[in-house]
Structure formats: C-alpha cells, structure tokens
Amino acid sequence: MSNFSKGELSMNAQSTRPQEETHHLLKLKYQSVLGGAKNFLKNRTKTKNRSSCSSIRVNWLITCEAECPHCGLRFRGGNHNTEHIHPISLGGTNNNDNRIQLCKNCNNARNSVMQALLGHPPFSKIFPQEWDAVERYLLWSEITIDEGLSSGARFPEVHELFLEARFAGESPVSGPKKAFGRLSTWGVGEEPNYIGNTAALRSAHTKTTTGTISSFLRRKARLFFDRLFDYESPTNTGQTTSSPLREEVVTGQSAVDESKVLPKVTQGEQKSNQELSETEVSILRQKWNDHALNCLAQNDGSFFVGDFWQLVSDERIARGLSWRSFERALGVTHKAAMPSKVRQILEQIGLNFIFEKTENGYLIVEASEEE
Ligand SMILES: [Zn+2]
C-alpha cells in the first residue's frame, strides 16, 4: 500500500471516532437488513432468485450517460451490472429497493471484499461465530450506497479492502456526477438522482436561469484552461511532483529502470505540443487490451501494475511526447497516482478486473462473477 493511502486511512479512522456510537446508530437504521440476514443464516433459508435491471432502465441509463455511483465510470456496453446491496447470499431480496446499477469492477470489488471477510457461501456455515464480520460488511454495504462511497471509512477494515481491490489503495480522484440511486428511487425519464453526485453537475441539470449561467461560466472556464494548457511553455509542463517514476518508487513498483527512462522524460517535454490522433489512441488501446487479455489467459492469470505502466511509458517515449499531452490524449488524469492511471486505461479498454495487493506491488487479476 502506498504512503498516501495509509495516511488517508488513519485520518479517516481518527475522524470517525467514536466508532462505537456510530455503529450503534447504523445498526438501528439498518435493523431490518441485519434481522433479515440473521434469520436467513440461522434458518438456512433458500436464496432468492436474482435478476438484473430491466433493459428499459438500462437504455435510459445509457441515454443519460449515467455513471457508476462509486467510481464515476460512465456506463457503456457491458461495463455495468446490477448490485444486490444486501447480498442474496446473505438473505437479500431481489426488490428494486435492494438493487442498484454499478460498474462491473466496483461490483466485483464489493464481492471480493465479502469473500475476503466471509469466505465463500453458503454463509450459514460461519453463523453465528462470524456474525460480527457479517454485520460490518452489511452496514458498510448499505452506507456506501446511501451516503456515498467515502462514508464506508466508518468501517476502516472493510473500506480498506474495497479501496485496495478497486483503486489499488487510493481513494477515487473524482466521484460521480450523473449517477442513479437504488432502482426504487428513480424511474425511466427521470434525471440522475444519486445523493453522492457532485453538486456542480446537479445544478447544471436543473434547467433554471442560474443553472444555465453557471454551466455557461464553467464552459468558459474550461475553454480558458484548455487554451492555457495548449499554449503553456513546454518547459513548464514537466511535473516532477507527480511523475509516474516517483509514484512507482512510492508504491514499491520496481519495474522501471530509472537511469534508462529519466533522460527521455525531459527530452519528451520539449515536444509537448504534439498530439496523439484518435486513431493512434484506438490502436494503442487495442494493443494494450490484447496484452492484458494475453497476460490474464497465461500463467496465474494476472500481471503487475508496474509492468503494464512500463508498456505505456515505452509508447510515450517512442512518440517523444510529454506525459501531460500523452495522458491527455489517452483521457487519463495527469495528477493521479500511477495505479490509478493504469486503472483508467484498463477501464477504457473494458477489462473486467480487480487489484490484488502483494509484497511486490499491486497485481491486476481477473474478477470473479458475483456469488
Ligand atoms: Zn464503479
């Protein structure tokens, strides 16, 4: 785990004390969920059938350019599916109130958290001895949906597992702007209603005069900054503070030979006005997609984040581009940490994966389907 996320987690733990009281209140708030799970595990009840969000609703989500409530990834093609917030394997129902559309990778990461805490179903075999863990997982699962992902820090040990599996230990750089809440809270034809949507875009969606003016001003500001970056002096584009090389050192990735790459980085900055064409970007994504699928199909079905970033780095050097313009063309957040950049690239190519923390850095592993 990187220093950054360690610090952040301990900060969260501090700011959420006293934990006991918070947990007590949450147990009251979600007593029907907890009671249902307890009865289900005690009586070894048969699990309910699960089903996905209807295709009419899915079409509406796509029309709205809806995003994942956890990570803000825009739903496209098959990159999203239906999460049962109170898992079916713990007695959850298939009702709209218990379902929400998430991106597949967030859904898989939630599932991996449950596996890490509780093992594999049937969970009646761990009842009642592991009830505390079941309870913590269920409360974490509910509040991260009802109050936004960051509220999960109230259960630090659960939340850390999620941040590791989904974001390689980092908190997401930005949250959703156009996400929808539980299926019971919205209908086809309605605007994105998720409580965790950032306020700026919610007001842009409101068709009031102020909304129109503020979105106009935002557009103006965007254009201004776009111009600023384009005309920025090439010597100013070198970002030593967020250099991917530095991040690799911090996160313990040793794949890059610095002596080989460092001089190239500075040379590359001089050509920062060059751009990658959309065609080149698609070719690169295809190439990385093939590579990732190959890695997952071979050996132990995984690859290191640092090794993948080396491939990206090589392509940039070959083109003599600055990190800023290269990452901008790829649609990757320049200021993000290296594993986050890898995540963004893998999400763009539609890979189904989670991170796995190891002594030698983070691995990308193929995600297993929901149990
Ligand atoms: Zn997501």
Side-chain angles (χ1 to χ4, degrees), residues 5 8 52-53 57-58 60-62 64-87 98-116 137 140-153 155 158-183 185-186 192-198 201-202 292 305 331-333 336-337 339-357 362 364-371:
S5 54
E8 199 202 29
S52 299
C53 184
R57 275 178 180 270
V58 167
W60 177 244
L61 291 173
I62 299 298
C64 291
E65 302 180 347
E67 298 161 345
C68 173
H70 275 353
C71 70
L73 183 71
R74 183 171 154 192
F75 293 157
R76 299 167 199 268
N79 75 350
H80 54 103
N81 58 16
T82 308
E83 159 79 345
H84 290 77
I85 301 153
H86 175 180
N98 191 39
R99 295 190 298 168
I100 189 168
Q101 204 71 356
L102 296 183
C103 82
K104 271 188 181 169
N105 289 339
C106 281
N107 204 334
N108 293 331
R110 287 172 70 95
N111 195 40
S112 81
V113 171
M114 186 164 77
Q115 269 181 32
Y137 177 75
W140 176 87
S141 179
E142 298 285 339
I143 60 165
T144 47
I145 297 298
D146 287 340
E147 298 175 30
L149 180 61
S150 58
S151 69
F155 297 89
V158 187
H159 201 55
E160 185 176 346
L161 289 171
F162 180 84
L163 293 183
E164 279 173 9
R166 181 66 185 102
F167 302 110
E170 308 289 337
S171 283
V173 181
S174 57
K177 298 181 184 76
K178 295 200 266 184
F180 287 79
R182 293 179 190 248
L183 301 190
T185 65
W186 59 273
N193 69 339
Y194 187 57
I195 194 165
N197 286 344
T198 54
L201 228 122
R202 265 200 286 179
V305 168
V332 167
T333 313
S340 296
K341 294 177 185 186
V342 170
R343 172 177 61 80
Q344 289 173 28
I345 291 173
L346 296 178
E347 281 168 2
Q348 286 161 0
I349 64 181
L351 197 76
N352 205 7
F353 70 97
I354 55 171
F355 289 103
E356 194 178 297
K357 197 173 145 190
Y362 276 99
I364 299 287
V365 298
E366 199 160 18
S368 57
E369 288 299 309
E370 194 183 351
E371 293 181 66

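Whatever order the structure lists ligands and atoms in, that order sets their numbers, starting from 1.
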**Message:** Just by distance, no angles: are the side chains of Thr144 and Arg110 close enough, under 3.5 Å, to form a donor-acceptor pair?
**Reply:** yes

**Request:** Using side chain to side chain donor-acceptor pair (under 3.5 Å) as the criterion, list what pairs up with Arg99, not counting sequence neighbours.
**Result:** Ser51, Asn96

**Request:** List the atom of Pro69, the atom of Ile100, and the distance in Å for their closest heavy-atom pair.
**Result:** CG-CD1, 3.9 Å

**Salt bridge present between Glu65 and Lys178 (N-O < 4.0 angstrom)** = yes

**Message:** Please give me the minimum heavy-atom distance between Leu163 and Glu170, naming the atom from each residue.
**Reply:** CD2-O, 3.8 Å

**Message:** Using salt bridge (charged side-chain N to carboxylate O under 4.0 Å, His left out), reason through Glu142 and Arg182 one step at a time and then give a plain yes or no.
**Reply:** CA-CA 11 Å; Glu142 298 285 339; Arg182 293 179 190 248; 2.7 Å; yes

**Prompt:** So what's near the Zn ion (ligand 1), protein N, O or S atoms under 2.8 Å?
**Reply:** Cys68 SG, Cys71 SG, Cys103 SG, Cys106 SG

